[in-house]
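Reviewing the structure listed below.
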Amino acid sequence: MKNSVQEATSEATRLGTHLSESLREAASAVDAELERILPMPHGPHARIHEAMRYAIFAGGKRLRPFLVLTTAKVFGVPRIGALRVAAAIEALHTYSLVHDDLPCMDDDDLRRGRPTVHIAFDEMTAVLVGDALLTLAFEILSDAQTHSSAEVRCQLMAKLAEAAGHDGMIGGQMIDMLAPERSFGVEEIVHLQRLKTGQLFEFSCEAGAILGEASAEDRKRLRAYAREMGLVFQITDDLLDVTSSAEKTGKAVGKDGEQGKATFVSTYGVNRARDEARKLAHRAAKTVQVYDNVAPELSALPLSLLDRES
Ligand code: IPE
Ligand code: IPE
Ligand code: MG
Ligand code: MG
Ligand code: MG
């Protein structure tokens, strides 16, 4: 007879396998949807379509689409609407990476294992690709195929605008760029990371509930989960910058220290940053245990991020 430790271990392995499969499925489903949505190169401006496709179809973990699809599953949302919102958030996220890599920002040459858009094309094209992907995200959400209710579509657009805009992701990017000239305490770093990374995760998790016209309580719970999980994600991104390699992550490492970025790792060091991430991951997992019967991959995700290699 198995003892309780063995049982817990095999349950954890089963959950881990289920999560990996769900992540793979979400990635291939959203890729197929993006393939349908992204225009094929045409006309005298075909270069913009080529560069948009180059940026989008370069791999990428498709974590934000996974969160949209999983939270949508909790509320029984029709697949087509969930896939379109997943495609919209991935388009917007990809825009943020293209601009983040520009010489005037983090100045990176490698992204998702290949030359960044401004290297493969040029800077002007990279700026335009970002603009085009950002706009495309809202075009996708506004279409009636996303949800039959105009009220729901408006809510999605308003929430995404809030998450991505001046008091959201862009606000976070602004603080991130100014950080090397200032001295930051932990609270300020948490604030910066909640904006620059957390906001898109919060949108991704709430999106399933908005599509499913779920209760205010569900929406609040999913945002709380995303807040903790987003921090785990950014702390582990900062850890990878000092502990991993370009081969594994598909992007340059060692840049945060070089550019004087304010991170958990620069403040606490690797070990304490890891401990903080672990605490947050457990908290996040607990928040969504109520959905374990329908979507156990939601509570499994934060803990798995602790061991991620890319
Ligand atoms: C990178 O995001 C940018 C951060 C917010 C740290 P991801 O690590 O999700 O990038 P992709 O989409 O998998 O390339
Ligand atoms: C990027 O954060 C966050 C956004 C693009 C909004 P980072 O600068 O840490 O991301 P990487 O490390 O280049 O992927
Ligand atoms: Mg950056
Ligand atoms: Mg960067
Ligand atoms: Mg980083």
Side-chain angles (χ1 to χ4, degrees), residues 3-23 25-26 61-77 82 89 159 163 186-187 189-212 214-240 264-265 268 270-309:
N3 65 31
S4 58
V5 175
Q6 280 172 326
E7 268 169 22
T9 312
S10 62
E11 174 60 10
T13 311
R14 202 185 58 74
L15 258 180
T17 312
H18 176 63
L19 175 63
S20 317
E21 276 165 14
S22 306
L23 282 162
E25 272 166 26
K61 295 178 288 295
R62 311 306 202 206
L63 206 52
R64 294 153 193 83
F66 162 81
L67 288 165
V68 174
L69 295 176
T70 310
T71 53
K73 184 174 78 172
V74 169
F75 304 106
V77 172
I89 188 71
K159 285 289 168 188
V186 170
E187 266 176 38
I189 295 175
V190 167
H191 181 60
L192 144 66
Q193 301 198 334
R194 284 203 163 136
L195 295 187
K196 102 166 173 177
T197 310
Q199 286 285 319
L200 289 197
F201 281 120
E202 284 192 44
F203 171 80
S204 305
C205 289
E206 194 182 8
I210 297 175
L211 281 165
S215 68
E217 194 193 342
D218 281 309
R219 285 171 64 158
K220 204 168 140 211
R221 183 183 295 124
L222 285 165
R223 284 197 85 102
Y225 162 75
R227 228 175 356 259
E228 311 292 2
M229 200 264 299
L231 273 178
V232 176
F233 185 83
Q234 187 59 52
I235 297 172
T236 51
D237 182 74
D238 299 340
L239 280 164
L240 289 173
F264 263 72
V265 182
Y268 280 154
V270 167
N271 291 337
R272 171 108 193 257
R274 246 191 245 294
D275 289 347
E276 291 297 323
R278 188 168 309 280
K279 266 188 250 165
L280 287 159
H282 281 286
R283 261 213 316 259
K286 228 170 160 180
T287 311
V288 287
Q289 264 167 6
V290 282
Y291 308 124
D292 272 358
N293 54 342
V294 243
E297 58 273 33
L298 219 48
S299 63
L301 178 70
L303 293 164
S304 82
L305 291 177
L306 300 170
D307 305 315
R308 72 187 177 107
E309 291 195 322

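Just so you know, these numbers use all the heavy atoms, side chains as well, and skip hydrogens, waters and symmetry mates.
- Within a 6.0 Å sphere centred on NE2 of His282, other residues, nucleotides and ligands contribute more than 12 heavy atoms.
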Trace of the side chain to side chain contact (heavy atoms under 4.5 Å, CB included) decision for Asp238 with Gln193: CA-CA 11 Å; Asp238 299 340; Gln193 301 198 334; 2.8 Å; yes
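- Scanning both residues, Val265 and Ala273, for their nearest heavy atoms gives CG2-CB, 4.1 Å.
- To the nearest 0.5 Å, the span separating CG on Leu239 from CG on Leu305 amounts to 11.5 Å.
- The nearest pair of heavy atoms linking Ala209 to Leu222 is CB-CD1, 4.0 Å.
- Residues meeting the salt bridge (Lys or Arg N to Asp or Glu O under 4.0 Å) test with Glu187, sequence neighbours left out: none.
- Nearest approach of Pro302 to Val232, heavy atoms of both residues: O-CG1, 3.9 Å.
- With values rounded to the nearest 0.5 angstrom, Leu306 atom CG is found 8.0 Å from Ser304 atom OG.
- Legend: salt bridge (charged side-chain N to carboxylate O under 4.0 Å, His left out) pairs involving residues 286-308, not counting sequence neighbours, sorted by first then second residue: Lys73-Glu297.
- Note that CG of Leu301 and CZ of Phe66 are 5.5 Å apart. Values are rounded to the nearest 0.5 Å.
- Thr236 places a side-chain N or O within 3.5 Å of a backbone atom of Phe233 that can act as its donor or acceptor partner.
- The closest donor-acceptor contact from the side chain of Tyr225 to the backbone of Leu298 lies under 3.5 Å.
- Listed here is the closest heavy atom pair of Ile235 and Ala277: CG2-CB, 4.0 Å.
- Put simply, CG on Leu280 and CG on Leu303 are 11.0 Å apart, with the number rounded to the nearest 0.5 Å.
- Closest approach of Val74 and Ala295 over heavy atoms only: CG2-CB, 3.8 Å.
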Could you go step by step and tell me if Leu67 and Ile89 meet the side chain to side chain contact (heavy atoms under 4.5 Å, CB included) rule? CA-CA 10 Å; Leu67 288 165; Ile89 188 71; over 6 Å; no
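- Ion pairing of Glu276 with Lys279 is present here, as a side-chain N (NZ or NE/NH1/NH2) and a carboxylate O approach within less than 4.0 Å.
- Looking at Thr71 and Tyr291, their side chains never come closer than 4.5 Å, going by heavy atoms from C-beta outward.
- Between Arg221 and Asp218 a salt bridge is recorded (basic side-chain N to carboxylate O distance below 4.0 Å).
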Step by step, would you call Phe75 with Leu211 a side chain to side chain contact (heavy atoms under 4.5 Å, CB included)? CA-CA 8 Å; Phe75 304 106; Leu211 281 165; over 6 Å; no
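- Leu69 contributes atom CG, which lies 12.0 Å from atom CZ of Arg62 (distance to the nearest 0.5 angstrom).
- Annotation: salt bridge (charged side-chain N to carboxylate O under 4.0 Å, His left out) contacts involving residues 200-209, sequence neighbours excluded, comprise Glu202-Arg223, Glu202-Arg227, Glu206-Arg219, Glu206-Arg223.
- Pro296 is listed as a side-chain neighbour of Leu15, based on a closest heavy-atom distance under 4.5 Å.
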Could you walk me through whether Leu231 and Val190 satisfy the side chain to side chain contact (heavy atoms under 4.5 Å, CB included) test, starting with their C-alpha distance in whole Å, then the side-chain angles of each, then the deciding distance to 0.1 Å, before giving a yes or no? CA-CA 8 Å; Leu231 273 178; Val190 167; 4.1 Å; yes
